[in-house]
Amino acid sequence: MGNFFLSKKQNVSELSTFYSFLIGFVIALMIGTIILIIQEKNPLETFSLMFRLSLGSVNSFTSSLNKAVPLILAGLGISIINSVKFWNIGAEGQIFFGAIAVNYIYINTQVTNSTMLIFVLLISGFVGGAICILIPAITKVFFGVNEIITTLLTNYIAIGITIYLINGPWKDPGSLNFPAAEYIGEEVYLPTIFGKLSFGFIVCITFTVIAFYLKNKSIFGYELRIAGGSELTAIYAGINAKQKAFIAMLIGGGFAGLAGGIELLGQTHRLSTGISQGFGYTAIIVAAITGMRPIGIFLVGCLFGALSIGGSVIQTVGVSTYIADIIQASTLMGALISQFFFNYEIKRKENA
Amino acid sequence: MLDIQLIGLLNATLQAATLLFIAALGELITEKSGILNLGVEGMIAIGAVSGFMTAINTENIYLAIIVGILSSAAFASIHALVTVLLKQDQTVSGLILTILGLALSSLMGKEYRGKKLNVKIESLSNNNEPSNFIEVLMSQNIVFYIALILMISVSYLLQNTLFGRRLQAVGEDSKAADSMGLKVNRTQFIATCIGGAFAGLSGVYLTLSYVPYWTDNMTSGRGWIALALVIFGGWKPYRTALGALLFGFLEALVPRLQTYGFDLNPYIVKITPYIITIFILVILTIYKGGRTGAPKNIGIPFFRENR
Amino acid sequence: MNENILELRNISKSFGETKALNNVDFYLRKGTIHGLLGENGAGKTSLMNIISGLYQPDRGTINIHSRKINKLTPEIAYSLGIGMVHQEFRLIDSFTIEDNLKLSKANIFNKNFDDAYKKYSDIFSLNTDKKRIIADLSVGEKQKIEIMKLIFNNSDIMLLDEPTAVLTPQETEQLKIALQKLAIEDEKTIVIITHKLKEIKEFTEALFVMKNGEMVSKFIDSKSTSTKELVEMMMGEATTYTVKKDNIRSEIKLKVENVSLKDPMTNIKILEDINFEIQGGEILGIAGVSGNGQVELANLISGINKIYEGKVLIKNEDVTGEGVKSRKKLNFAYIPENRLGVGLAPGVSVIDNSVVREYFKTKTALHLSKSKTNKYLNNLVDKFSIKSGNPKAEISTLSGGNMQKLLMGRELTINPEVILASQPTRGLDVNSVDKIHQLLVEQRNNGTAILLISEDLDELFKLSNRLLVIFEGKIIQSFETGEMDISKVGLAMAGING
C-alpha cells in the first residue's frame, strides 16, 4: 500500500456519471442473471418477460410511469437539498406526511369545486412534506445538528403517526384486515389522461422542469451551490447562506410530500401504510446515481419504475419480486464503484 | 414473587433490548473508526436469514450462529470496499446495503418462510416459569450473556487499551492518526466488518431465538433503531445499553398496554423513543458545543497528502 | 563528532512548470540546532516534505545515518527517526495528552511513561496533568506536546516548522531553553524552519538560507552572522524598486477610526485602537507576523464581521455595522487571504466562482443568464490571461496562480475605488506574483485606494506608499516611502518600536 496513492483526476468527463450508470446497470443485470440461474430460471426469458410486462404495452407502460412518479418527485427533492451538500434520508416520512396532510385537508375542507379541491390538496401535500422536514431543517441550519440522523428518525415518526391515524381517529371501520383510513371521494381522484396514465405524471414532468430550472438556471440555485461549496464564500458574496439552505430543505421536503399526495389521490385513494413501499429510500438511490441531476433523476426514475412493475408482475411465474430491488441496488453499487475509477487514479510513487 | 405479567414484560424487554443492543454496539465500533454505515438493517437481515437457513439444514445451532455472523461481516465488507478503499459516499453506500440486504435476504429465505426450527439456543437454566428478577436473568439464552460480555469488553477496550484508543484516534482525526503511523484504511476496514459481524449476531438472535421463524422484512426497522441508539448513547457502550433497554421496554410494553389498563395510545408510545432521540441529539449538539460524542471524522474519507 | 546524520545533495523538485527546489544541498549534524531561513515560497516546505518522505525528489541523493536511501517514503522516514512538527498541529483534540503521546506505534516510553512525561514536561516547563484534554490547552502548550510527541516517538531528527509563530515571548524563551537541553542531553538533531530573523540567531548554531528554490548559504555560523547579512541573503540585494511612487493622489477613500475588537469568549483584545486613512492613488501596506490581528481587521473592513467598536468609512460614507453588500455598492473590492474557502468556493465550478461578485446584478432576480456569465468569464480570461480550461470544471483544477488571477480579475474588473488585498501573492510562483503586482499598481494609478496586508516585506516595500506595522492588534509604527528600512520594519514586526 505504501507505494501507491490516490490522486484526483484533473479532467473528469461530464458524461462520467452516465457511463458509470451504464456500467452499474450492466453489472446489476449480470448479478440478476446469476441469481436467476441459481434459482434455475431462464434469465433471458425472465428479463424479456419483465420487459414486456413493464414496457411492452400501453397499459404496462403507463403503470410503469405512474410508479415512477413518487421516485422522481422525492429524488428531485433530495437533489435540491443536496445543492447545499445536505442529505435528506427522510423522503419516506415526508411522503407519508404529504399524504396525511392531504387526507386532513380533504376531511376538513369547505372547498367543493373538485378541480379547485384537487389543486388545494396537491398544495397541502407539498406543505405536509415541508412540515415533516421542518425540525431537521431548523436544527441543521441553525444549530448544526446532523441532518442524516434527524431526517432518518422523522421517517419512523411519520410512519408511526400514519399507523396511529389509520388505527385511531381516521380508522375505516369497513377495512377489517388491513388498517386504513376511509376512501376519498371519487371527485378528488386524480384524472387519468392517457390510458391509465395519471395526471400525477404531468405534475411530475412540471416539477422536473421546475427543479431543473431552480438548480441549474436560477439565482437561488446558484446561491445554494456557493453556500454548499463554502459558507464563508457565501458570506463573502453577501448570500444569506442559512436562510437559503433552510428554504431549500423545505422545498425538498415539499417535493416528497407532493409525491405522497399524488399517491393518495391517484393510486391508493386512501391513507394506509401502502402509500409508500420504500419509495423514499429508492429515491435516494435514484438521485445519487445521477449525480443529483434533475433530468437524470427523471429518466432513471422512469427506468426504476418500470423495474418495479416488472419485478412485481414476474412473481406470477415464480420469480421473486425482490429481483427488481436487487437490480436497482446493484446498479447504484456498481455505479459507485466505477465512479471511483472515473474520478481517481491510483498512482505509483516514482523512484528517487 | 413477581406478577406474572410483569415477568413477561421484563423478559420481553431484555430480549428486545439484547437484539437492538448488539447491532448498535457493532455500529458504534464502526462509527468510532470514522465510518458511518447506514446498512445495519440490511446486515441484520443477511445474518438472520443465513443463520436460519443453516439451522434448518444442519440443525447445528452454533454453526448457524457462526454462519450468520460471518455472512453479515462479509456483506459489510462491501461497504468497507466502497467507502474505505474507494472513498465513495458513506451515506449512499450504507443505504444501498440496506436495500440490497433486505432484498437479498428475502430472495434467499424464500423457501424457508414459515419453516419450523427444531433447535434452539441454550439457556443457563431451563426454567420456563421464572418468578423473580434473578430467574428471569437466568432464563435468558447465551446471546444475552454474550451481549453483556461484549458491552463490558468493548467499553474496556475503547477506554483503556491502546488498541481501542488507536481505533478512536482514526475516527477522530485520520490525518493525525496517519502521522502517528497508524494504519487508517486497515483499521476502518476491519471496524466496518466487525460492525457487520455484530449485526449478524443480532440477526441470528432474531431468527433463532427472538421470533423464531423467517419471514420477509422481519427486521422491521430494528437496524434503524440501532443507528438511533448509538446517538442516544453518545457513542458510549453503557449508555447505548441503557438506550437499548428503554427502546426494548417500549417495544415490549406496547402490546401489553391494554392489559395494564393504561389509557396511553400504543401507537404514540411507539414513536416516543424517536422523538426522545432527536431531542437528545439536539440538546447534545447545542449545549455541549458540538461535543455529542460523535467521532469528528465520521463520514469523511481519508486521503493522504502525497505527490 | 563531525559526521552528518542526514545529507541531501543536489536535490531538485518541480511541480509542473514551477521549480520548487533547484540543486539544493542540505546536511545536519548530530546534536546541533540548525536554522533554515527563507521567505514564504523560498522552498523550505518542499525541502522538508522531501526529508519526511512526502515528496519524491526529481533528482539528487539522500543519505541518512551514512546510508544511501534510494526511496524515502513517510514510513521509512519515520522509522529512521525523522519527525516533523507542522504549523497546523497533528494532535487529536478530544484525546488526553497521555493518549496523544502514547498512541503512536513508535512510542518508546510505554512502560515508563510517567517518568518520561515528568522528565520532558520539566524540560519544556509544561505544568499540566497528563489527563488533560488537548482541546483545553493553550496554543503554546499544544506546541510543547507536539514536540514531545516527536521525542516519545523516538525521533532523533526533529523538524520544527515556524515553532515560534504562535508563542508568547515567555514561551519562546522556554522553548529555546528546552531545545538547547534536548540537543545537548539527548543529542537530538533539530531544524527550525522560519522566515523570522528575530529568534533564529539566538536559537540556532548553524544556518541554512534559501531563496527562490536555491540554497544560498550553507551551514554558516549563526552567532557571527549579522542580521543585516542574513536579510541580504534571504531577500537578495535591496530590491530595485521599479514601481514609481510619485503618482497623483486624490481624496481619502477609506478611513478606519478607533477600531477595537475583543474576543467575545475570552474578552481578550484582538485589535486595539486602529486608525488610518488611505487616499485615492495610494497603497497603504500593513506588515506583521501572521496572527497579530490581520485576519480580523480584514474581516471587519470588508463587512464580514459586523460587530466591533469604532468606525469604518468608505468614500466618506459610514458603513460601520453594515454587511458586504453595502460595500459592494460603494465599489469596494476584497481579495481575502484564504483564496480557496473564502474568495472562491471549493467544489464549485470555475464559471460559478467567476460571478460571485456580479451574479446579483442581473436584471431579473430569478434567472441567472448562462450567456452573460459565459461572456463575463471569457472577458476575465482574456483580460487577465487566466488559463482556465473547462469552465464547468471544479475551481480546484486551476493552479494557485490562475485561481488568484481569477479572483483578482473578478474583483478588479469593476474598477473598484477601494481595494483590500490580503496576502495576495502567498504561495504563488514568480510570474503570477509579478502579474498581480502589476494589476495592483495599475489600479493605484487609476486613483484607487488600496490597503495591502502582507507578510512579504519585499512585496510591501515594492508597492506601498506608506507602511504600518501591526503587532498584537496594535499599529506600533508607521513608515513613509523614504523611511522604510528592512531592519527597522523587521524589529517593529517583532514588537520592538525603534
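Here the structure is a predicted model, which is why all the values come from computation and not from measurement. Every chain is numbered from 1 and lettered A, B, ... according to where its sequence line falls, protein lines coming before strand lines.
The minimum heavy-atom distance between C/Ser104 and B/Arg166, with the atom names listed, is O-NH2, 3.4 Å. For the pair B/Arg165 and C/Phe95, the tightest heavy-atom approach, listed with the atom from each and the gap, is O-CE2, 3.4 Å. Here the closest non-hydrogen pair linking B/Asp173 and C/Ile92 is CB-CG1, 3.9 Å. Nearest heavy-atom pair, C/Lys149 versus B/Ser179, reported as atom, atom and distance to 0.1 Å: NZ-OG, 4.1 Å. When all heavy atoms of C/Leu103 and B/Ala169 are compared, the closest pair comes out as CD1-CB, 3.5 Å.
Counting heavy-atom neighbours within 6.0 Å of B/Tyr156 OH, excluding the residue itself, gives a total of 12 or less. When the shell of 6.0 Å around CZ of B/Phe279 is examined, it contains 12 or fewer heavy atoms from other residues, nucleotides or ligands. Surrounding CZ of C/Arg132 are more than 12 heavy atoms belonging to other residues, nucleotides or ligands, all under 6.0 Å away.
The residue among B/Gly181, B/Ala177, B/Ala176 with the most heavy atom pairs within less than 4.5 Å of chain C is B/Ala176.
Residues B/Leu162 and C/Asn110 form a side-chain contact, since some pair of their non-hydrogen atoms from C-beta on lies under 4.5 Å apart. Inter-residue side-chain proximity for B/Met180 and C/Asn100 is flagged as met; some heavy-atom pair is nearer than 4.5 Å.
Atom-to-atom distance recorded for B/Lys175:NZ and C/His86:NE2 is 11.5 Å, nearest 0.5 angstrom.
With a 4.5 Å cut-off on non-hydrogen atoms, C/Asp99 touches chain B through its side chain but not through its backbone.
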